[in-house]
**Q** 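Questions regarding the structure given below will be posed in turn.
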There are 2 protein chains.
Amino acid sequence: MASYKHKKVMSIGIVNELTGLSLRQIRYYEERRLIQPERTKRGTRKYSFSDVETLLQIADKREEGVQTYEIRKDLQTSTKGNLKERMIRGQLNAHFQMNK
Amino acid sequence: MASYKHKKVMSIGIVNELTGLSLRQIRYYEERRLIQPERTKRGTRKYSFSDVETLLQIADKREEGVQTYEIRKDLQTSTKGNLKERMIRGQLNAHFQMNK
DNA sequence: CGTGTAAGGAATTCTGACACG
DNA sequence: CGTGTAAGGAATTCTGACACG
């Protein structure tokens with residue numbers, strides 16, 4: 001399922017090609033905790049397709065002038081927001097089923 | 001869809017970790033045309049998750065003593081076989097629908 | 001704050017070849 | 001045939017730092 005999307009297998013060079021972001025930028029966004037790549041035994045970073053998607057979102061926000069701190073909050077709330085939305089929908093469904 | 005599974009993004013070192021095959025073996029199976037990795041601008045090989053799956057199949061066959069030439073044929077017919085099977089099923093479905 | 005760059009070292013990958021068999 | 005290995009070079013990645021602002 002999520003295995004391919006979330007498996008950390010790409011070197012930073014590939015991520016650079018896929019996103020167009022510089023190595024410096026990719027490492028900096030990690031430092032600001034917007035992404036969390038894994039490390040190989042010898043310390044080279046490994047990224048997932050999911051990380052690449054996040055980086056593309058980050059690039060969009062940065063172009064709009066949003067600071068990394070704000071982007072981090074957005075990324076967190078966008079995830080939580082989806083969860084929240086799903087829970088609310090669940091409650092609404094339960095509500096309508098009761099009144100049906 | 002197939003984008004993550006077939007996108008060539010992994011270095012040979014990662015493939016080695018994922019499959020347990022030696023670099024020599026991975027390169028040799030390419031030489032025998034069992035897999036077709038892509039290359040970066042400077043010539044380093046890039047593999048997909050799909051390639052990794054194929055390599056795992058190859059490893060199984062090799063343990064059984066099957067030669068690379070036979071494995072290549074198997075890989076080709078297993079793909080074509082699936083296609084053929086689907087076409088036959090389609091015809092069967094059409095047949096039964098006509099007689100229904 | 002966000003990003004570029006030069007610096008030096010360490011690890012990776014590549015190819016062609018010899019070896020065994 | 002399939003795989004290991006030593007060889008030398010080229011390219012990658014890492015970190016900490018200085019720079020601009």
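Letters A, B, ... are given to chains in the order of the sequence lines, protein chains preceding strands, and every chain is numbered from 1.
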**Q** Closer to the 5' end of DNA chain D via nearest nucleotide, is it Tyr47(A) or Thr68(B)?
**A**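 Whichever sits nearer the 5' end wins; that is Thr68(B).
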
**Q** Taking only the side-chain nitrogens and oxygens of Arg27(A), find out if one of them lies under 4.0 Å from OP1 or OP2 of dT12(D).
**A**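 For dT12(D), neither OP1 nor OP2 has a side-chain N or O of Arg27(A) closer than 4.0 Å.
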
**Q** Could you tell me if the side chain of Leu18(A) sits less than 4.5 Å from the side chain of Val9(B), heavy atoms only?
**A**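 Val9(B) reaches Leu18(A) side chain to side chain.
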
**Q** If the cut-off is 4.0 Å, is Ser11(A) near the phosphate of dT12(D), judged by side-chain N/O to OP1 or OP2?
**A**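 Negative; the distance criterion is not met.
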
**Q** Whether Arg32(A) contacts dG2(C) is assessed here as follows: a side-chain N or O lying under 4.0 Å from the phosphate OP1 or OP2. Is that the case?
**A**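 Checking Arg32(A) against dG2(C): at least one side-chain N or O falls below 4.0 Å of OP1 or OP2.
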
**Q** What is the distance, to the nearest angstrom, from the CD1 atom on Ile58(A) to the C1' atom on dT3(C)?
**A**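 The answer, rounded to whole Å, is 15 Å.
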
**Q** What integer distance in Å separates Ile14(A):CD1 from dT13(D):P?
**A**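 So the CD1-P distance, Ile14(A) to dT13(D), works out to 8 Å.
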
**Q** Can you tell me how far P of dT15(C) sits from CG of Leu23(B), to the nearest Å?
**A**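 Atom CG in Leu23(B) sits about 12 Å away from atom P in dT15(C).
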
**Q** Any ion pair linking Glu64(B) and Lys61(B) (charged N to carboxylate O, less than 4.0 Å)?
**A**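 Salt bridge: no.
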
**Q** Whether the Asp51(B) and Thr54(B) side chains hold a donor-acceptor pair (N or O, under 3.5 Å, no angle test) is what I'd like checked.
**A**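 Thr54(B) and Asp51(B) do not have a side-chain donor-acceptor pair below 3.5 Å.
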
**Q** Quick one: are Glu17(B) and Lys41(A) in side-chain contact, heavy atoms under 4.5 Å?
**A**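 Heavy-atom side-chain distance check passes, below 4.5 Å.
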
**Q** Nearest whole angstrom, please: distance from the P of dG2(C) to the CG of Leu55(A).
**A**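 Nearest whole value for this atom pair: 15 Å.
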
**Q** Find which nucleotide of DNA chain C each of Tyr69(A) and Thr40(A) is nearest to by heavy atoms, and output the residue with the more 5' nucleotide.
**A**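 That would be Tyr69(A).
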
**Q** OP1, OP2 of dA11(C) versus side-chain N and O of Thr44(A): anything below 4.0 Å?
**A**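 Checking Thr44(A) against dA11(C): no side-chain N or O falls below 4.0 Å of OP1 or OP2.
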
**Q** Could you state the CD1-P distance from Ile12(A) to dC14(D), rounded to the nearest angstrom?
**A**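 Taking CD1 of Ile12(A) and P of dC14(D), I get 5 Å after rounding.
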
**Q** Return the nucleotide paired to dG2(C): Watson-Crick means purine N1 to pyrimidine N3 with N6-O4 or O6-N4, wobble means G-U with N1-O2 and O6-N3, both under 3.5 Å.
**A**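 The base-pairing partner of dG2(C), which may sit in any strand shown, is dC20(D).
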
**Q** Tell me which nucleotide, if any, is Watson-Crick or G-U wobble paired with dT15(C) when both distances must be under 3.5 Å.
**A**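 Base partner found: dA7(D).
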
**Q** Is any side-chain N or O of Tyr28(B) closer than 4.0 Å to OP1 or OP2 of dT3(D)?
**A**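 Answer no for this pair, as no side-chain N or O of Tyr28(B) is under 4.0 Å from OP1 or OP2.
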
**Q** Look at the side chain of Arg24(A) and decide which nucleotide, out of dT5(C), dG2(D), dT15(C), has an atom nearest to it.
**A**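 Closest nucleotide among those given: dT5(C).
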
**Q** Nearest whole Å is fine: how far is dG2(D) P from Ile71(B) CD1?
**A**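 These atoms are roughly 8 Å apart.
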
**Q** Mind calculating the distance between CZ (Arg45(B)) and P (dT15(C)) to the nearest angstrom?
**A**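 Between P of dT15(C) and CZ of Arg45(B): 4 Å.
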
**Q** To the nearest Å, give me how far apart CD (Gln25(B)) and C1' (dT5(D)) are.
**A**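 Between C1' of dT5(D) and CD of Gln25(B): 14 Å.
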
**Q** Has Thr77(B) got a side-chain atom pairing as donor or acceptor with Lys73(B)'s backbone, closer than 3.5 angstrom?
**A**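 Yes, because the side chain of Thr77(B) sits within donor-acceptor range (under 3.5 Å) of the backbone of Lys73(B).
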
